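Order of listing sets the numbers, starting from 1, for every ligand and every atom in it. Here, residue 1 is the first one in the sequence, and each next residue gets the next number. Small disclaimer: the values here were computed from a predicted structure and weren't measured.
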Amino acid sequence: MSSDSKSRHETLEENVVFHVHEVTKVYQMGEVQVRALRGVDIDLHRGEFTVLLGASGSGKSTLLNILGGLDIPTEGHVFYGERDLTRASERELTEYRRFHVGFVFQFYNLIPSLTARENVAVVTEIAKSPMKPEEALKLVGLESRLDHFPAQLSGGEQQRVAIARAIAKNPDVLLCDEPTGALDSKTGIVVLQALQRVNQALGTTTVVITHNAGIAQMADRVIHLTDGLISKVYKNETRLRPDELTW
Ligand code: ADP
Ligand code: MG
């Protein structure tokens, strides 16, 4: 047994989805090195709604991209269940992203020529055990917008289509990078409600990045990132509903 798998087993807990161990990420920009992550250790738990909070440039997107198999660390290990993502081949990472991870980004990236239903169907057609597009859109409150094109939808509605698209393949984890970043606070609340509803209805392990401390109050757990290091982790004793948040 290698020392890596040994340490893995020592820390293995039933409800741990991600085990992040001493992860660093250095970007080489010509002569300059940017140390985006400087030794991150964290476990993420099954079904939890986690908010990853930190100032711009603190390394949030870098960490999320590593969790989602979009990027690999310079050093350290990321276990998804028993699987070490840092040792996975390109092909295994593609399979991992396709079947296990849903992504939501700040900009919705919907296909303009397809309706809401068709934008979701693009993903469900290649998934293993997908939801029906209609079912996913209902979960985010868009059952009356199935045949609307993106240009006929508000920003918040477009983001909810993007959430429906991400969850329709029934991913184990939902990774959201500043999902309310382009939205006013009222619209942002509706999007956060959709994310909370998905988390509660499907039990999808959810990570939401924000630089907005107000949003952290709806989380089960908050991970605070400062200059590429975790500076604070805490559980909210009482969670606020999205409509109770102020920002
Ligand atoms: P956040 O999402 O918290 O704003 P990021 O993870 O995007 O932070 O970035 C962390 C640091 O890494 C920043 O200093 C950023 O400029 C740098 N960085 C991020 N991505 C790259 C990249 N692809 N190439 C070079 N530097 C990068
Ligand atoms: Mg970012």
Counting from 1 in the order shown, the ligand 1 atoms closer than 4.0 Å to a non-hydrogen atom of S56 are 4 (O)

Any idea which protein heavy atom is nearest atom 7 (O) of ligand 1, and the distance to it? S61 CB, 3.7 Å

Can an N or O of A36 be found at a distance shorter than 3.5 Å from an N or O of ligand 1? no

Charged N to carboxylate O under 4.0 angstrom, K235 versus D220? no

Look at the N, O or S atoms of S61, main chain and side chain alike, and state whether any lies under 2.8 Å from the Mg ion (ligand 2). yes

Closest to atom 17 (C) of ligand 1 (judged by heavy-atom distance), picking from V34, V32, L37: V34

Measure up the F18 and Y80 rings against each other and bin them: parallel (under 30°), tilted (30 to 60°), perpendicular (over 60°). tilted

Ligand 1 versus M29: contacting region, heavy-atom distance under 4.0 Å: side chain

Pairs of nitrogen or oxygen atoms closer than 3.5 Å, one from G59 and one from ligand 1: do any exist? yes

Side chains of M131 and V120: closer than 4.5 Å at any heavy-atom pair? no

A55 heavy atoms, cut-off 4.0 Å: which ligand 1 atoms fall inside? 3 (O)

Do H77 and D84 have side-chain N/O donor and acceptor atoms under 3.5 Å apart? yes

Closest non-hydrogen protein atom to atom 19 (C) of ligand 1, residue and atom name please, with distance? Y27 CE1, 3.4 Å

Heavy-atom side-chain proximity of V20 to I66 below 4.5 angstrom: no

Indicate yes or no for a side-chain donor-acceptor contact from N212 to the backbone of T210 under 3.5 Å, with no hydrogens or angles considered. no

Modelled atom types, side-chain donor and acceptor of T94 and R91, under 3.5 Å: no

Does ligand 1 have an atom under 4.0 Å from some heavy atom of G228? no

Should G54 be listed as contacting ligand 1, given a heavy-atom distance under 4.0 Å as the test? no

Just to confirm my output: which protein heavy-atom neighbour is closest to atom 10 (C) of ligand 1, and how far is it? G57 O, 3.5 Å

Carboxylate-amine/guanidinium proximity below 4.0 Å for R241 and D243: yes

Are side-chain N/O atoms of D177 and S61 paired as donor and acceptor at under 3.5 Å? yes

Any protein heavy atom < 4.0 Å from atom 23 (N) of ligand 1: yes

Heavy atom to atom 9 (O) of ligand 1, shortest distance: which of L63, T62, I66 holds it? T62

